[in-house]
Amino acid sequence: MLTFIKTDIAQKIYQLITELYPICRSITGNGFRETLKTIQQHIPLSIHEVPTGTEVFDWIVPKEWNIKDAYIKNSQGEKVVDFANSNLHVVNYSVPVHQKLSFEELKAHLFTLADYPNWIPYRTSYYEETWGFCLTHHQYLELNHEEYEVFIDSSLEPGHLSYGEYYIPGESADEVLISCHACHPSLCNDNLSGIAIATFIAKYLSQTTPKYSYRFLWIPGTIGSITWLALNEAKVNNIKHGLVLTCLGDAGNFTYKKSRRGDTEIDKIAAYVLKSSKQGYEIIDFFPYGYDERQYCSPGFNLAVGCLMRSPHNSFPEYHTSADDLNFVQPQYLAESFFICSSILDILNDNHIYYNQNPKCEPQLGRRGIYQTSNSHQDSKLNQMAILWVLNLSDGHHTLLDIAERSGISFDVIKYTADILSTYELLISENN
Ligand code: ZN
């Protein structure tokens, strides 16, 4: 289905990240909308607006934040920190401020990383109304004991929380949820990699009629998934599988974080795809921290949603700093992530359960000419074994993935074999 797309996907994903990189995103505001509008150039997603003050389970949709400019000027009137150079310089959700203050007073509002003196940290203050600046430790050390002028031209007012949603109808009303957070400003791996890969997976799936219906969400982290779940509770029962996508552009090995249930079909398929990829990887158990899987896997929903990453959040020093930039993510890693993700979705699409129509002893295959068909395929011996395995385990209990795992024969060969046996009416899919 998706895996045939090998062309210039790496560059396309990277190009979208490059376009989105300069935008100052937050959990609400125009940066988030601009991000969704940029994605709309690839897919016709819907932009939803939820008013400030809307109650969503135990939370309330916050005020909307927007920012135009910010700086710190020294006593000579020189800008020593300038939002125009990096949107990470302002603590995200800072309230407006314009005042003069001493270095001692200013210090309490400054954040740096002494261990990485060239990097700007990323800080937020969503639920406490305050202001602050983030700067490199080198910039900090150059500040003197003089008077400074701070200016943050922001607004924090009743408005909306925006999110993007794109639904692809499939053959079945059962859904696969693909979710990514889109609320971080200029941060590539943690944020833009998931956003861009979700966009291109959606784009290519939209050119097919998949077995499942697909629901893609580009949402602000935490409050976005809580808001969607609260406002769409009636649709939640349709979600049978899901993936949260994040941190997919770095050079690290793949990491799959299992759903809370831990033994769902998506968990098994992700493990199988990573094992088959012949690269280093890690499968980790669910824990109630991380990204929006925390909400999808809260006990009241307990959805079969896992999280696909390369290096997990907080496991790389560049995490939540200006070093998570356009160099930290690379096209070849993004493309690998796209193919791992699309392989998982391909298998999910094809992972049927079959019934052997001739279950009492083996059917006489030679009489039907099936051996000639299988011999024309590259590895005839393997395919004879594949035929015998598929016939034997198509008892209405084993999925094709179960048969692939049990036989040690690749999923592709098992699927190919099941298709041939179906054309000879030796198998029937449980979906028929
Ligand atoms: Zn983050």
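Throughout, residue positions are numbered sequentially from 1 according to the sequence presented. In this text, all values refer to a predicted model and were calculated from it rather than measured experimentally. Note that ligands are numbered from 1 as they come in the structure, with each ligand's atoms numbered from 1 the same way.
Cation-pi geometry between K257 and F286 is met: under 6.0 angstrom from the ring centre, within 45 degrees of the axis. Because its NZ or CZ atom is not both nearer than 6.0 Å to the ring centre of Y212 and within 45° of the ring axis, K240 does not count as a cation-pi partner of that residue.
With no hydrogens or angles considered, a side-chain donor-acceptor pair links N74 and E78 at under 3.5 Å. Side chains of S186 and N87: a donor on one and an acceptor on the other come within 3.5 Å. A side-chain donor from one of H320 and D190 sits under 3.5 Å from a side-chain acceptor of the other.
Only protein atoms were considered; those of element N, O or S under 2.8 Å from the Zn ion (ligand 1) number 3.
Using a cut-off of 4.0 Å between Lys/Arg side-chain N and Asp/Glu carboxylate O, K63 and E129 are scored as salt-bridged.
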